[in-house]
There are 2 protein chains.
Amino acid sequence: MMASRRQEVLTAALDLLEEVGIDDLTVRRLAQRLGVQPGALYRHYPSKRALLDAMVGHIVAGAPAPAVPAGDWAGHLRAMAASGREGMLAHRDGARLLATFYDPGPDAVASFMRIVEVLRAAGAAERAAVVATDTVLAYVNGFTMEEQARRAATPRPERDRDFQAGLDLIIAGIGATLPPAP
Amino acid sequence: MMASRRQEVLTAALDLLEEVGIDDLTVRRLAQRLGVQPGALYRHYPSKRALLDAMVGHIVAGAPAPAVPAGDWAGHLRAMAASGREGMLAHRDGARLLATFYDPGPDAVASFMRIVEVLRAAGAAERAAVVATDTVLAYVNGFTMEEQARRAATPRPERDRDFQAGLDLIIAGIGATLPPAP
DNA sequence: TCCTAGAGTGAACTTTGTTCACGTGAACTA
DNA sequence: TAGTTCACGTGAACAAAGTTCACTCTAGGA
């Protein structure tokens with residue numbers, strides 16, 4: 001196991017997030033849950049902000065790596081979109097947390113580039129591929145934010161269907177700008 | 001003019017937002033700018049949250065009412081999208097403010113419905129019209145949020161062009177599901 | 001045995017939102 | 001004219017938040 005104390009603090013913070021939500025995620029509450037004085041946490045993270053960043057890092061890293069169907073650009077787009085949404089929905093206030101504290105690292109840039117590559121392989125021009133990728137990601141973030149903030153009442157299957165339907169709209173738009181398959 | 005004190009406080013808060021950003025928009029700073037003790041503000045707004053809500057209300061109300069080209073559903077969509085984005089970009093941290101504190105009122109629902117109506121008039125089924133509207137709004141929010149958070153360096157014309165290009169993608173997707181014009 | 005390093009204590013400080021009993025001056029009313 | 005009302009503001013306090021700091025404790029290796 002060999003979990004460093006730093007890791008334990010992070011895990012406790014993620015658990016606490018699930019219990020009380022981000023607005024009540026306080027240094028003191030976290031310290032209490034660890035059976036420790038508030039100041040002790042600053043041995044492991046230099047600030048609360050740094051801790052939140054680490055939580056965000058854990059969330060984006062934990063998103064399920066999609067099984068890539070080679071050559072199927074629409075499938076790739078759908079998988080990436082679903083994975084991004086899933087990562088946020090998996091944690092209470094996940095979307096808000098990402099929106100507020102996410103600073104894209106090299107791995108995020110890498111997966112962005114991978115999508116662009118897939119679209120380029122399907123025949124899209126460089127700029128068109130970037131625009132399409134940007135658009136899908138903006139949609140995923142916008143939809144999920146709104147979903148988590150204001151649609152907790154709507155049953156999950158319905159939300160899934162709505163998300164899918166909007167994504168299909170965008171994919172149709174992208175498909176129209178692509179050269180026809182040979 | 002006859003501006004009520006309440007109005008003056010709101011105006012001062014909006015000015016202060018522009019100067020210091022939402023993270024440093026504090027009750028004390030606002031009081032100081034009004035030449036008043038912090039507690040005095042609670043005569044006019046029951047809580048800081050209520051004041052932020054009022055600011056959001058002012059921002060969404062202040063978005064330019066688009067000139068509606070009758071019968072042109074794509075034009076209507078573009079106008080609404082541009083108006084929403086413009087409203088957020090017009091204020092520092094506008095997108096974050098909206099995303100965190102916006103609780104859609106009757107007028108927001110009304111303008112949502114108006115878009116749905118326009119699409120229905122163009123031949124879309126009810127559900128398709130709702131999905132299309134939702135998708136455009138999610139895109140606008142997602143794009144603007146990211147834009148204001150991380151693309152301050154990119155020059156405005158370029159950002160406008162990117163926004164337009166993504167929107168065109170979605171509009172193309174919507175157009176593909178509509179019956180051909182007679 | 002000494003000593004270093006990681007972990008935690010306990011108490012403080014600053015800043016934040018918020019409350020509350022009380023003053024004050026202008027406008028209305030009898 | 002005298003009294004009442006009312007909107008507005010004062011001044012001081014409160015609790016909770018993030019953060020800092022000097023000190024202690026406890027292992028484990030030289």
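Hydrogens, waters and symmetry mates are skipped; everything else that's a heavy atom, side chains included, is used. Here is the naming used below: chain letters follow the sequence lines, and residue numbers restart at 1 for every chain. Quick caveat, the model's predicted, so the values are computed rather than measured.
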What integer distance in Å separates B/Leu16:CG from C/dT16:P?
-> 11 Å
Within the structure shown, what part of the strands sits under 4.0 Å from A/Arg49 by heavy-atom distance: base, sugar-phosphate, or nothing?
-> nothing
From the candidates D/dG11, D/dT19, C/dT16, the one with an atom nearest any side-chain atom of B/Thr26 is C/dT16
Taken to the nearest whole Å, CG/B/Leu52 to C1'/C/dT16 is 13 Å
Any ion pair linking A/Glu147 and A/Arg151 (charged N to carboxylate O, less than 4.0 Å)?
-> no
Could you check how far CG of B/Leu30 sits from P of C/dT18, rounded to whole Å?
-> 12 Å
Between B/Gln32 (CD) and C/dG17 (P), how many Å, whole number?
-> 13 Å
Between C1' of C/dT15 and NZ of A/Lys48, the distance in whole Å = 14 Å
Calculate the interatomic distance between B/Asp23 atom CG and D/dA17 atom P; express it in whole Å.
-> 18 Å
Rounded to whole angstroms, how far apart are OH on B/Tyr42 and C1' on C/dC20?
-> 13 Å
Does atom NE2 of B/His44 have more than 12 heavy-atom neighbours from other groups under 6.0 Å away?
-> yes
Do A/Arg28 and D/dG18 share a donor-acceptor pair, side chain to base, under 3.5 Å?
-> yes
So which nucleotide from D/dG9, C/dT9, D/dG18 ends up closest to the side chain of B/His44?
-> D/dG9
With a 4.0 Å cut-off on heavy atoms, is B/Arg6 in touch with a base, just the backbone sugar-phosphate, or nothing at all?
-> nothing
Is there a donor and acceptor pair closer than 3.5 Å between the side chain of B/Arg43 and the base of D/dG9?
-> yes
B/Glu18/B/Arg92 ion pair, N-O < 4.0 Å | no
Does A/Leu25 or A/Ala40 map to a spot on DNA chain D nearer the 5' end, using the closest nucleotide for each?
-> A/Leu25
Nearest-angstrom distance from the residue atom CD of A/Gln37 to C1' of D/dT20 = 14 Å
Given A/Ile59, A/Asn141, A/Leu97, the one that forms side chain to side chain contact (heavy atoms under 4.5 Å, CB included) with A/Met88 = A/Asn141
Any chance the rings of A/Phe143 and A/Phe163 have centres within less than 6.0 Å?
-> yes
Please check the phosphate of D/dA17 (OP1 and OP2 only) for any side-chain N or O of A/Arg29 closer than 4.0 Å.
-> yes
Taking D/dT10, D/dA17, D/dT19 as options, the one with an atom nearest any side-chain atom of B/Val36 is D/dT10
